[in-house]
Amino acid sequence: MGDTPTITALLEQASRGDRAAFDQAFALVYEQLGRVASRRLRHEGVGHTLDTGALVHEAYLKLGEQADAQWTNRAHFLAVASTAMRRVLVDHARRRTAEKRGGPRVRVPLEELVGMAGETPDDTLLALDEALDRLGAFDARHVQVVECRFFGGLTEEETASALGIGLRTVKRDWAKTRAWLFRELHADHGD
């Protein structure tokens, strides 16, 4: 997934307020985002109200709201898109479970969640989101690694590029964060 000058140039224009350039850049990564969204939703089952196209389009709307964003390159754009997809999935899960508030939470280790966010129960996705919010209070970079790897479907190399950090740092952060989240998802927080 090498960065292409076309996308970088479009993102630079979009950073200066050119909405048409943003739309063109999004169109160039649309297929990749669709594949990621498809993987996330593949096992949701019959009756799920969010499909691949809806997830990508909702992420597009969230990205479009960031009028003052300073997009640097394709990798950076995909990292921010990963965060947007996380927000869409979590917002959707919240809406679906609104009537079930107060019920027991299902705790599942992150290792079981990786690569299958779309097939996790809404309560588990919400528990993961809450754990990431707690983690973000003291280490935002680790949250970004999870967003890129888990929600954005980026490889370790793509994540390193997107976040502007070394590959070894991504590997170390990913391992530490999975262990931390495993403990968090199994801890009793009085839910």
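The model shown is predicted, which means the values in this text are computed figures rather than measured ones.
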Gap separating the CG atom of Leu126 from the NE2 atom of His92, nearest 0.5 angstrom: 11.0 Å

Any Phe151 side-chain heavy atom under 4.5 Å of Asp129 side chain: no

Asn73 vs Ile7, side chain to side chain contact (heavy atoms under 4.5 Å, CB included): CA-CA, chis, key distance, verdict: CA-CA 7 Å; Asn73 58 29; Ile7 292 175; over 6 Å; no

His142: ring pair (Phe, Tyr, Trp, His ring centres under 6.0 Å) partners, not counting sequence neighbours: none

Ala162 versus Ala75, closest heavy-atom pair with distance: CB-O, 3.1 Å

Centroid separation Tyr30 to His57 less than 6.0 Å: yes

pair Leu33-Leu78: side-chain heavy atoms closer than 4.5 Å: yes

Non-hydrogen side-chain atoms of Thr8 and Arg74 separated by less than 4.5 Å: no

pair Leu181-Arg178: side-chain heavy atoms closer than 4.5 Å: no

Ser15 side-chain N/O to Trp71 backbone N/O, donor-acceptor pair under 3.5 Å: yes

Exercise: identify the closest heavy-atom pair between Val88 and Ala59: CG2-N, 3.8 Å

Salt bridge flag under 4.0 Å for residues Lys62 and Glu58: no

Exercise: do Ser82 and Glu147 side chains pair donor with acceptor under 3.5 Å: no

pair Glu158-Leu163: side-chain heavy atoms closer than 4.5 Å: no

Short side-chain donor-acceptor distance under 3.5 Å, Arg149 and Gln144: no

Min side-chain heavy-atom separation Leu28-Leu10 under 4.5 Å: yes

Listed partners of Arg19 passing side chain to side chain donor-acceptor pair (under 3.5 Å), at least two apart: Asp23, Tyr60

Within-4.5 Å side-chain heavy-atom neighbours: Leu11 and Thr72: no

Whether Phe77 and Phe22 hold their rings parallel, tilted or perpendicular, with breakpoints at 30° and 60°: perpendicular

CA sep, side-chain torsions, deciding dist, call: Glu157, Val170, side chain to side chain contact (heavy atoms under 4.5 Å, CB included): CA-CA 8 Å; Glu157 293 80 8; Val170 169; over 6 Å; no

Trace of the side chain to side chain contact (heavy atoms under 4.5 Å, CB included) decision for Arg86 with Val143: CA-CA 11 Å; Arg86 171 187 173 197; Val143 173; 3.5 Å; yes

Validation row: Val146, Trp174 side chains within 4.5 angstrom (heavy atoms): yes

Residues that Trp180 engages under ring pair (Phe, Tyr, Trp, His ring centres under 6.0 Å), provided they are two or more places apart: Phe138

Under 3.5 Å donor-acceptor, Ser38 side chain and Gly34 backbone: no

